[in-house]
Amino acid sequence: MIVAARERLIVALDVPTVGEAEALVETLAESAVFYKIGLELAVAGGIEFAGELAAAGYHVFLDLKLHDIGNTVERATRRAAELGVSFLTVHAYPQTMRAAVAGRGSSDLRILAVTVLTSWDDSDLAAAGIQGSVAETVARQAAQAREIGIDGIVCSAAEAAAVRAIVGPDMALVTPGIRPAGAAQGDQKRVVGPAAAVRAGADYLVVGRPIIAAPDPKRAADAIVGEIAAAAAI
Ligand SMILES: O=C(O)c1cc(=O)[nH]c(=O)n1[C@@H]1O[C@H](COP(=O)(O)O)[C@@H](O)[C@H]1O
C-alpha cells in the first residue's frame with residue numbers, strides 16, 4: 001500500500017463540540033487530511049459533521065465501534081455508507097463483522113475490525129473472561145476478519161507485523177496507541193512510536209491527545225508526519 005505520509009496520519013477529533021473540531025481541522029489544514037470522529041463527538045453532532053467533512057473532500061473515519069445484533073449492525077452500516085465516509089469500525093466478533101460486510105455491500109465504505117483495544121493488556125482480557133493473551137486474541141480475530149471479508153484491522157502497532165503476516169498485503173492496518181517520544185501515555189497500555197509503527201507495517205496511525213492536546217497541534221502533527229515519511233523512506 002503506497003500512500004503519502006500526510007495521508008497516513010489520522011487525527012482523532014476527540015473534542016466535545018463540532019465547533020472545536022472545525023477549529024482543529026482549520027488549524028491542521030496543511031498538515032492532515034484524514035480525521036476520525038469517535039464516540040464523544042458522535043453524540044454531539046459529529047455524525048452529521050462526518051458527512052460534511054467527507055463532502056468537503058477530507059478522508060473521514062467514523063469510529064462507532066458497532067457491536068449489536070446482526071440486523072442492527074447491517075442497517076447502521078448501510079446508513080454510514082450513505083455519509084460518504086471512508087472507514088467505519090465494528091468490534092471483531094464474527095457475527096458483527098459479517099453483518100457489517102453485508103451492510104457495506106458494494107459501497108466505497110471500508111469496514112475496520114477493532115481487535116483488542118490498545119488500552120487493554122493480558123490482565124484486562126482475563127478480567128473480561130477471555131482466554132488467551134493479547135497476541136493470541138488479536139491473531140485469532142485478524143484471521144476471522146480476513147475470512148469474513150473485512151477491509152482492515154485496528155490493533156496496536158505492537159501486533160502489526162504479526163497481523164500483516166496473517167491478513168496479507170491488501171487489508172489496511174490502522175494503529176492507535178501512537179505515542180511520540182516524551183508524550184504522556186494516558187490510559188493507553190500498548191503504545192508504539194510513529195516511526196516504529198510504520199516499520200512494523202502499519203498503514204495508518206491514529207493520533208489523538210499527542211496532537212489535539214499539544215500546545216501547538218500543527219507542529220505536533222507535522223513532527224509525526226515527518227517521522228512517518230522518514231520511516232517509510234528507509
Ligand atoms: O478504534 C479506535 O480508533 C481505537 C481503538 C483502540 O484499540 N484504541 C484506541 O485508542 N482507539 C481510538 O484511537 C484514539 C486514540 O487517542 P489518543 O490515545 O488520544 O491518541 C481514540 O480516539 C480511541 O478511541
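Indexing begins at 1, ligand by ligand and atom by atom, following the structure's order.
Counting atoms of ligand 1 from 1 in the listed order, those under 4.0 Å from a heavy atom of Arg209 are 17 (P), 18 (O), 19 (O), 20 (O). Annotation for ligand 1: atoms under 4.0 Å from non-hydrogen atoms of Gln188 are 9 (C), 10 (O), 15 (C), 18 (O). Counting atoms of ligand 1 from 1 in the listed order, those under 4.0 Å from a heavy atom of Asp14 are 21 (C), 22 (O). Listed by atom number, the atoms of ligand 1 under 4.0 Å from Pro210 heavy atoms are 20 (O). Within the listing of ligand 1, atoms 1 (O), 5 (C) sit less than 4.0 angstrom from a heavy atom of Val154. Numbered from 1 in the order shown, with element, the atoms of ligand 1 that lie under 4.0 Å from a heavy atom of Ala12 read 22 (O). Each of the atoms 16 (O), 17 (P), 19 (O), 20 (O) of ligand 1 lies under 4.0 Å from some heavy atom of Gly208.
At most 12 non-hydrogen atoms from other residues, nucleotides or ligands lie less than 6.0 angstrom from CD of Glu48. When the shell of 6.0 Å around CZ of Arg140 is examined, it contains more than 12 heavy atoms from other residues, nucleotides or ligands. Atom CD of Glu52 is surrounded by more than 12 heavy atoms from other residues, nucleotides or ligands within 6.0 Å.
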Q: Determine, step by step, whether Arg209 and Asp187 satisfy the salt bridge (charged side-chain N to carboxylate O under 4.0 Å, His left out) criterion, reporting the C-alpha distance in whole Å, the side-chain angles of both residues, the deciding distance to 0.1 Å, and the verdict.
A: CA-CA 11 Å; Arg209 287 162 288 186; Asp187 56 349; 2.7 Å; yes
Q: Could you please spell out the steps behind the ring pair (Phe, Tyr, Trp, His ring centres under 6.0 Å) verdict for Phe34 and Phe87?
A: CA-CA 10 Å; Phe34 212 142; Phe87 289 164; 5.2 Å; yes
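Under 4.0 angstrom from ligand 1, the non-hydrogen atoms of Leu117 come from both its backbone and its side chain. Neither the backbone nor the side chain of Cys155 comes within contact range of ligand 1; no heavy atom lies under 4.0 Å.
In terms of heavy atoms, Arg164 sits closest to Gly201 at NH2-O, 3.1 Å.
When Arg179, Arg190, Gln185, Lys189 are checked for heavy-atom proximity to atom 18 (O) of ligand 1, Arg179 turns out nearest. Considering only non-hydrogen atoms, atom 9 (C) of ligand 1 lies nearest to Pro176 out of Ala184, Ala113, Pro176.
In summary, of the residues considered (Asp122, Thr118, Asp124), a side-chain hydrogen bond (donor to acceptor under 3.5 Å, both in side chains) with Lys189 occurs for Asp124 alone.
Side-chain polar atoms of Thr96 and His67 form a donor-acceptor pair below 3.5 angstrom.
Judged by distance alone, with hydrogens and angles left aside, the side-chain atoms of Glu74 form no donor-acceptor pair with the main-chain N or O of Asn71 at under 3.5 Å.
Between Leu39 and Lys65 the shortest side-chain heavy-atom distance does not fall below 4.5 Å.
For the ligand labelled ligand 1, residue Gly186 lies outside the 4.0 Å heavy-atom shell.
Below 3.5 Å of separation, one finds an N or O of Thr118 facing an N or O of ligand 1. For a threshold of 3.5 Å applied to N or O pairs, the pair formed by Thr89 and ligand 1 contains no separation below that value.
Residue, atom and distance of the protein heavy atom nearest to atom 23 (C) of ligand 1 are Lys36 NZ, 3.9 Å. Of the protein's heavy atoms, Lys65 NZ, 3.0 Å lies nearest to atom 1 (O) of ligand 1.
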